[in-house]
Amino acid sequence: MDARDPLASFRQRFFIPKTKSGTDSVYFCGHSLGLQPKSAQAYIEQELRDWAELGVEGHFHARNPWLPYHRLLTDRTATLVGAKSGEVVVMNSLTVNLHLMMISFYRPTASRHKILIESGAFPSDQYAVKSQIRFHGFDPASSVIEIEPREGESCIRDEDLELLIERDGASIALIMIGGVNYATGQVFDMPRIAEAGRRKGCVVGFDLAHAAGNIPLHLHEWGPDFAVWCSYKYLNGGPGCVGGCFVHERHSKEWDLPRFAGWWGHDEGVRFQMESDFKPMAGAEGWQLSNPPIIAMAPLRASMEIFAEAGIERLREKSISLTGYLEFLLRGEKLDRFSIVTPSERHRRGAQLSIRIPGHGRALCKNLTAEGVFGDWREPDTFRVAPVPLYNTYQDAYRFVQSFCAALR
Ligand SMILES: Cc1ncc(COP(=O)(O)O)c(C=O)c1O
């Protein structure tokens with residue numbers, strides 16, 4: 001399978017961490033921190049050089065002038081998430097963007113103040129949601145609805161989510177769902193959620209931290225109001241890299257939307273006239289606050305170039321096969337000490353498999369990491385692994401299962 005893989009050569013474009021004996025690790029942690037593209041250094045060095053040689057003039061005369069630097073990422077990002085260019089902007093970090101979006105789009109009233117989230121949503125999202133509810137004078141105890149899996153199941157059924165929206169939609173101000181749940185790896189039926197929300201007049205937002213660069217997205221067509229994501233996981237932008245934000249075109253010129261403003265969201269034609277009245281730019285760019293962190297954005301350009309070459313559809317095709325192979329090998333071991341909680345249906349998962357290991361899973365994860373077999377542990381009992389189609393191989397999957405099962409035994 002590796003010999004026949006049309007994307008196999010992309011692995012050479014990344015640094016693969018080594019084991020103690022100097023061989024390539026099995027790196028199944030791209031759902032947490034993607035690997036470094038070898039070209040990232042040159043992108044950073046270019047900006048350091050321009051800064052050294054030009055100082056402040058780099059804003060206008062750097063090889064890639066810094067003033068509009070964030071736009072170098074716009075088109076590729078839009079393609080990757082299925083959006084129009086004006087609908088996306090690369091800025092801030094995920095939780096900051098989530099707050100900025102909620103300030104504009106969570107507008108609770110006495111009769112419609114609830115936020116629907118999935119149970120087991122990422123803690124930062126839960127904190128953000130609850131703090132927004134309190135900020136508006138409501139109580140999370142009565143304003144958060146958490147949808148749970150059915151008794152005895154690990155993942156939430158899309159039909160249950162739709163039914164809940166249908167039943168309680170009139171009281172829901174915002175549906176805020178992780179497109180791919182961080183703990184289970186479940187992919188939600190985003191077009192169905194967006195459609196159900198629209199029917200009931202709810203605002204719909206997605207956290208795509210585990211979806212961007214993992215599965216194909218069609219945000220414009222699906223029609224959520226907004227989406228946010230980070231770039232350090234499947235997008236390989238480096239630790240703490242700048243996040244991304246989508247605002248649907250239908251909001252691009254809603255000048256009256258309340259928003260927390262900063263000068264980088266101000267009409268750029270007059271930005272440097274230093275006027276005191278804020279005039280937002282059209283589209284997602286109108287939510288920017290600050291001038292962009294050039295050196296943090298540079299490595300993301302390296303990665304997005306690689307994504308553009310590989311193409312998300314081809315990556316998805318390999319991903320389905322690679323994750324399927326990993327699952328096939330794991331199930332073939334017939335060990336009863338673990339279970340896979342990620343759905344088996346291909347449309348309900350991306351690259352990640354979440355393996356539930358009651359008992360000593362944490363120690364097992366630590367020992368495997370010391371051997372150069374990388375997954376990560378999420379309390380209370382989940383070992384997450386992600387064979388990433390851009391740089392992982394079928395042989396990685398084979399080696400992983402050998403090491404994992406030996407450790408379990
Ligand atoms: C689903 C999800 N939401 C939010 C975050 C928080 O991201 P940030 O630290 O960039 O705000 C993460 C980080 O891993 C995440 O996985």
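As the structure is a computational prediction, the values presented were derived from the model and not from experiment. Every number for a ligand or one of its atoms is a count from 1 in the order of the listing.
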Once rounded to the nearest 0.5 Å, what's the spacing between atom CD1 of Ile115 and atom SG of Cys202?
11.5 Å
Here the atoms of ligand 1 under 4.0 Å from any heavy atom belonging to Ala209 are 1 (C), 2 (C), 15 (C), 16 (O)
Relative to ligand 1, is Asp125 under 4.0 angstrom through side chain, backbone, both or neither, heavy atoms considered?
side chain
Go through it in stages, so that I can follow the logic: the residues are Tyr43 and Glu47, the test is side chain to side chain donor-acceptor pair (under 3.5 Å), and I'd like the CA-CA distance, side-chain angles, deciding distance and then a yes or no.
CA-CA 7 Å; Tyr43 278 82; Glu47 303 318 321; over 6 Å; no
Is it true that the NZ or CZ of Lys38 lies under 6.0 Å from the centre of Phe14's six-membered ring and within 45 degrees of the ring axis?
no
For the residue pair Phe328 and Tyr325, categorise the inter-ring angle as parallel (less than 30°), tilted (30 to 60°) or perpendicular (more than 60°).
parallel
If you measure every N or O of Ser93 against every N or O of ligand 1, does any of those distances drop under 3.5 Å?
no
Verify the distance criterion only: is there a donor paired with an acceptor across the side chains of Ser104 and Trp287 at less than 3.5 Å?
yes
Which residue owns the protein heavy atom closest to atom 1 (C) of ligand 1, what's the atom, and how far is it?
Asp207 OD2, 3.3 Å
What protein heavy atom is closest to atom 11 (O) of ligand 1, reported as residue, atom name and distance in Å?
Thr95 OG1, 2.5 Å
Just need the protein heavy atom nearest to atom 14 (O) of ligand 1, so name the residue and atom and give the distance.
Lys233 NZ, 2.8 Å
Listed once per pair and sorted, the salt bridge (charged side-chain N to carboxylate O under 4.0 Å, His left out) pairs that draw on residues 371-381, sequence neighbours left out:
Arg356-Asp381, Arg362-Glu379, Asp376-Arg378, Asp376-Arg384
Charged N to carboxylate O under 4.0 angstrom, Glu162 versus Arg199?
yes
Nearest heavy atom to atom 8 (P) of ligand 1: which of Trp229, Tyr232, Tyr182 does it belong to?
Tyr232
What is the nearest protein non-hydrogen atom to atom 12 (C) of ligand 1, stated with its residue, atom name and distance?
Phe122 CE2, 3.4 Å
For ligand 1 and Ser124, I'd like to know whether there is a polar contact (N/O to N/O, distance under 3.5 Å).
no
Going by the atom numbers of ligand 1, which of them fall below 4.0 Å from some non-hydrogen atom of His210?
1 (C), 16 (O)
